[in-house]
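Throughout, protein chains are lettered first and strands after them, A, B, ... in sequence-line order, and every chain is numbered starting at 1.
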4 protein chains.
Amino acid sequence: MMIVMKPSATEEQIQAVVTRIEDAGARAHLSRGDVMTVIGALGDREHVSRLGLEGAPGVEKLVPILKPYKLASSQLSGGAPSVLEIAGRKIGGDNFALIAGPCTVESRDQVLSTADVVNAAGATMFRGGAYKPRTSPYAFQGLGAEGLRLLQEAKERTGLPVVTELMDARDLPAVLEVADVIQIGARNMQNYSLLSEVGRSGCAVLIKRGLSSTLEELLMAAEYVLKEGNENVLLCERGIRTFETAYRFTLDLSAVIVAKRLSDLPVIVDPSHAAGRRDLVVPLSKAAVAAEADGLMVESHHEPQEALCDGEQALPVEALMGMKDTLQPFASAMGREVI
Amino acid sequence: MMIVMKPSATEEQIQAVVTRIEDAGARAHLSRGDVMTVIGALGDREHVSRLGLEGAPGVEKLVPILKPYKLASSQLSGGAPSVLEIAGRKIGGDNFALIAGPCTVESRDQVLSTADVVNAAGATMFRGGAYKPRTSPYAFQGLGAEGLRLLQEAKERTGLPVVTELMDARDLPAVLEVADVIQIGARNMQNYSLLSEVGRSGCAVLIKRGLSSTLEELLMAAEYVLKEGNENVLLCERGIRTFETAYRFTLDLSAVIVAKRLSDLPVIVDPSHAAGRRDLVVPLSKAAVAAEADGLMVESHHEPQEALCDGEQALPVEALMGMKDTLQPFASAMGREVI
Amino acid sequence: MMIVMKPSATEEQIQAVVTRIEDAGARAHLSRGDVMTVIGALGDREHVSRLGLEGAPGVEKLVPILKPYKLASSQLSGGAPSVLEIAGRKIGGDNFALIAGPCTVESRDQVLSTADVVNAAGATMFRGGAYKPRTSPYAFQGLGAEGLRLLQEAKERTGLPVVTELMDARDLPAVLEVADVIQIGARNMQNYSLLSEVGRSGCAVLIKRGLSSTLEELLMAAEYVLKEGNENVLLCERGIRTFETAYRFTLDLSAVIVAKRLSDLPVIVDPSHAAGRRDLVVPLSKAAVAAEADGLMVESHHEPQEALCDGEQALPVEALMGMKDTLQPFASAMGREVI
Amino acid sequence: MMIVMKPSATEEQIQAVVTRIEDAGARAHLSRGDVMTVIGALGDREHVSRLGLEGAPGVEKLVPILKPYKLASSQLSGGAPSVLEIAGRKIGGDNFALIAGPCTVESRDQVLSTADVVNAAGATMFRGGAYKPRTSPYAFQGLGAEGLRLLQEAKERTGLPVVTELMDARDLPAVLEVADVIQIGARNMQNYSLLSEVGRSGCAVLIKRGLSSTLEELLMAAEYVLKEGNENVLLCERGIRTFETAYRFTLDLSAVIVAKRLSDLPVIVDPSHAAGRRDLVVPLSKAAVAAEADGLMVESHHEPQEALCDGEQALPVEALMGMKDTLQPFASAMGREVI
């Protein structure tokens, strides 16, 4: 931590900062410039983070030096990217994952038909929501426990691992019975008790970036899971909120590239929620492959026009069936294989 | 709902939309322009919201006409603003509320000292967090149940109603024992199961606007509570995330003014979290009064330099003691009284 | 400037940075932490800003210490806020300015009628655009030279100083004949050749903050004018672009408060362009007074329904006539007078 | 244009709107819903855009139906994307353009050395700035006329067409002597007099998207050029401003994909300014190819460490030399060739 003092800081104020640093068990190191003095607080992270010097007399600003996340960081490791193995499927490294399925489990017919297509399309995992966060309390909220049961049936039928969202810690035991990967939605990215709980479960977790979360905050969310000893964490970029109104969210592919430099965790892209429009899903998917993503999570529905949720962004069956072939040339250019 | 058809839409596509509207139990109404056709779907909200016409062939875009929130809206009422009565205190109307207290309950000494000051300062309510959402898993997370017990002690000692945050539905029974107002934090604004649960409890709820939430989403969050028959809802503006880095968040006072036109619910402003800097709290508070806010929620600490959380934004005792006098001239100009 | 080295930086890389700093005529100062080394580059701003160490081997990041603007900054002054005197009117200090007029000069009748009302309303200055930046090339672009002539007539008739926008340096001589204050619009805030030109003219300048400009960039724009020896600079907050769609821009009153701490220059608020809606202009104006603004610039039109530009945000005559009385109680609470 | 009336609108207010529409030479078409009435204003764009009904009594909101840009739009055309031919080079269609060069012309040695490398790397065009918009008035502002002369020398030596920025209409004649493409920078995207002037020159124009401009505004900027009969317009995505601080701007590749659906104009991506970091340029370039961009504009410098401007984002020589080979596999997957 560097503490920048105001030009008007008095010698007493400077000494008070030094004393406080030393009382906290850290070392103080002064650089006196022509105009201002900068004080380095050297020591371990815990000591330094507790200094509470913000707004102290004579202090202009604090500049953190170390990244606030330890476990999610590749800063101190030499760091080959992680390859996770989840239910026998490899995520990361040379493998490009294709996760597909409906936004929401709506009926037995829908979930099984779509699962069959997802399987036939050669996808890595099957996704589907039993619990759905909806902006409106009047919108369809998911089938809950019945939805989980249908996901289990789809899993047995196709052999595909299942990704499904958890919104409420009280549903964790039920979700754990079927989920191979638990999804934490963008709106719950900073639901810290949920993250810790999922961390303790040991189940793999896919954490979606919040609508206006920084990469640092996303990595801190991952840190909540990692801290519980659970290393099976996938990050997911799904678009951020900007001023642009021509599409629902702005997919931030720089975030994918940079997350993979800041951290060793695999990064998945969700182009469906980002775009909110079916016609952008395949183009954005290609770009995501080229932007070093480790996989995609796309929505698909056997009858998009009839979907109870987000039908406008679901890929129709034919588009999904062609997805692997569409993406493989880009994956090849990246030295990877769509599995 | 208006459905705007593409210039290239065929007569068959137009008819397909009309048929779908009628099948859904609504009425279709065509306006044929020189270039494009627009189809109105008239009927009750439930019918119209289920049309699923997004991305249908020939459809350019959908334009919703009615606000998606019913109970939070002043659109259909004639609407005098609500005056809520919570634990004997009036919020709204001519009353300007001052809610103050520490960010987090840290110790018996701290909470009681600060409560005494808040009481002496003539505040309307006392706030303090027993459960704290922290970006970092390594930061102080609050005292939990012990914190609630200390809040109860402060309440008995001062007679001030208590505002405290709930992060996890499993803590609701414990929180209900002390809270007069349950705070839903910005990061949980779209935690819908939490909102519904709190709605069912009947306890008054203060909902903070999410860091990048639209007003419509804030009102939809309120709708989750109102739908459970709980009308004691306060909205809270606490700053939004923008590109500006000179302050932590950008306090959006237009949101206060507009929320009070879209809805009858009282709106509180939290200048402490918005600014993240103590020196901006009083100036922003004055502006909030002038911007039609129904009250303020500010952080105060008896020793800000020692605070375990957000000390840099806590008002010192003297500033809090002068707050009512500082704000009353602005409140008077608004025809209100700081109570 | 502090240079933060990577944990993996070698001793050679550290020495290379030190050498580069010394070659640039500055002094290097090392702080070696347990994990990382931080190097201070001490010396005058010009030396330090030319180091070009971004992306150098072993360098993690650069942290600037001094503000990049010298003349606009109150950082090194003790700094009482400036009171400018423009055409006999004082701006800043205890004076709260009310600048009003139509968005655009449309006709002799319109400009003279509105000027009469602005005068009768007791405003400080009259505003009106002869050149209008319009998003669409098909929209009315202003009357140009004829508009300037009409502004001159209004000025002679009412005695009010005139604020008018300059978009193109080639129009400067003509604009200087009538303007007491030259407005630089938000879209030209970073039109540096225009700023320099206006700086050299010596005429007072009102610089509107760009739609997504930081305060630092606004102050750097002011610096372009100040550097030419022209100290008559007014800053103007007029709303920034965010994700919110319920109003046109998000008026950032924190920016007003903070700009007045970072700089001694007066700050004016334009609530009309910020809101884009007439009904928000008076509420936002009250908030602006309370947020330490030194004045307001509002749009008014004698027949808003007939305006060729931005009619939806123009105050009708009656509202403008009451503006001084409406705002004075708030100004009084700030220790100021609406002049 | 659809005019949505308030639920409380009276019959008189509805009739007043109808009358106003008809007086403006358009046709009015009423849809009366259970709650609200919507009035369509049908007629040509000019009539309808002048209605001025915003804020009229009883009016809730206006919903534009047609895109406001005519010439830039592919809405009414059947629209194969344009292939422009500029100085013998094709832009668009199956051709993927690589434009490279230094941010700024600094010296004869630098510009010629870099031009040689750009030529050897097989680039399509050479870029370099003689006039530089700099946030700080103390930063290097470019060599001006001398810079243009050096660009001319580089052009004669290599045969590469030249892209260079114009900031001030008064420099247009000098710039036209060397430029094959005139660049309008992000900060001048809404400098409408500059756009019109460049439009009239007939020279090809590359328009960079403003830092917080919508796609619609970018297309409106293009419309200013197109309206003058100049069809040689290239759009350029260069990153938008968001809350994220880990990189300078957020490259918006959705904008590329969508711009190519809204318009037939070619779209170029500038990853160098977007990222502000050399290490992200190649990864973002790959993603841009996959996101349907028609070309790239990258910064390169023969000695990035010595660059007077933006050295931290300039590609070193070796990276540029490998660029075509690096990108071709992605271009091949898109059915294109890097030329």
Colleague: How close do C:Ala222 and C:Ile207 get, heavy atom to heavy atom, and via which atoms?
Modeller: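 Minimum heavy-atom separation between C:Ala222 and C:Ile207: CA-CD1, 3.6 Å.
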
Colleague: Quick check for you: among C:Leu284, C:Thr242, C:Val289, which has the greatest number of heavy-atom pairs under 4.5 Å with chain B?
Modeller: C:Leu284

Colleague: Shorter than 4.5 Å, heavy atoms on both sides: which option in C:Leu253, C:Leu280, C:Thr326 has the most such pairs with chain B?
Modeller: C:Leu280

Colleague: With a 4.5 angstrom heavy-atom cut-off, is it the side chain or the backbone of C:Tyr247 that approaches chain B, or both, or neither?
Modeller: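 Just its side chain gets close to chain B.
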
Colleague: Any side-chain heavy-atom pair from C:Leu219 and C:Leu235 closer than 4.5 angstrom?
Modeller: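 When only atoms from C-beta onward are counted, C:Leu235 and C:Leu219 do touch, with a gap below 4.5 Å.
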
Colleague: In this structure, which one of B:His273, B:Arg238, B:Lys208 forms a side-chain contact (heavy atoms from CB on, under 4.5 Å) with B:Met297?
Modeller: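 Exactly one pass, corresponding to B:Lys208.
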
Colleague: Let me know if C:Arg277 has heavy atoms under 4.5 Å from chain B in its side chain, its backbone, both or neither.
Modeller: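 For C:Arg277, side-chain heavy atoms alone lie under 4.5 Å from chain B.
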
Colleague: Looking at every heavy atom in both C:Gln328 and C:Arg336, which two are closest together, and how far apart are they?
Modeller: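 Heavy atoms only, the tightest pair is NE2-O, 3.2 Å.
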
Colleague: So do C:Val258 and B:Glu244 actually touch side chain to side chain, heavy atoms under 4.5 Å?
Modeller: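 Result no, sub-4.5 Å side-chain heavy-atom pair not found.
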
Colleague: Identify which of B:Ser212, B:Gly239, B:Pro329, B:Pro271 forms the greatest number of heavy-atom pairs closer than 4.5 Å to chain C.
Modeller: B:Ser212

Colleague: Picking from B:Ala255, B:Ala246, B:Ala275, which has the most non-hydrogen pairs under 4.5 angstrom with chain C?
Modeller: B:Ala255

Colleague: Short question: side chain of C:Ser136, backbone of C:Tyr138 - any donor-acceptor pair under 3.5 Å?
Modeller: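 Checked: pair present.
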
Colleague: Relative to chain C, which segment of B:Ser213 carries a heavy atom at a distance below 4.5 Å: side chain, backbone, both, or neither?
Modeller: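 B:Ser213 touches chain C through backbone heavy atoms alone.
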
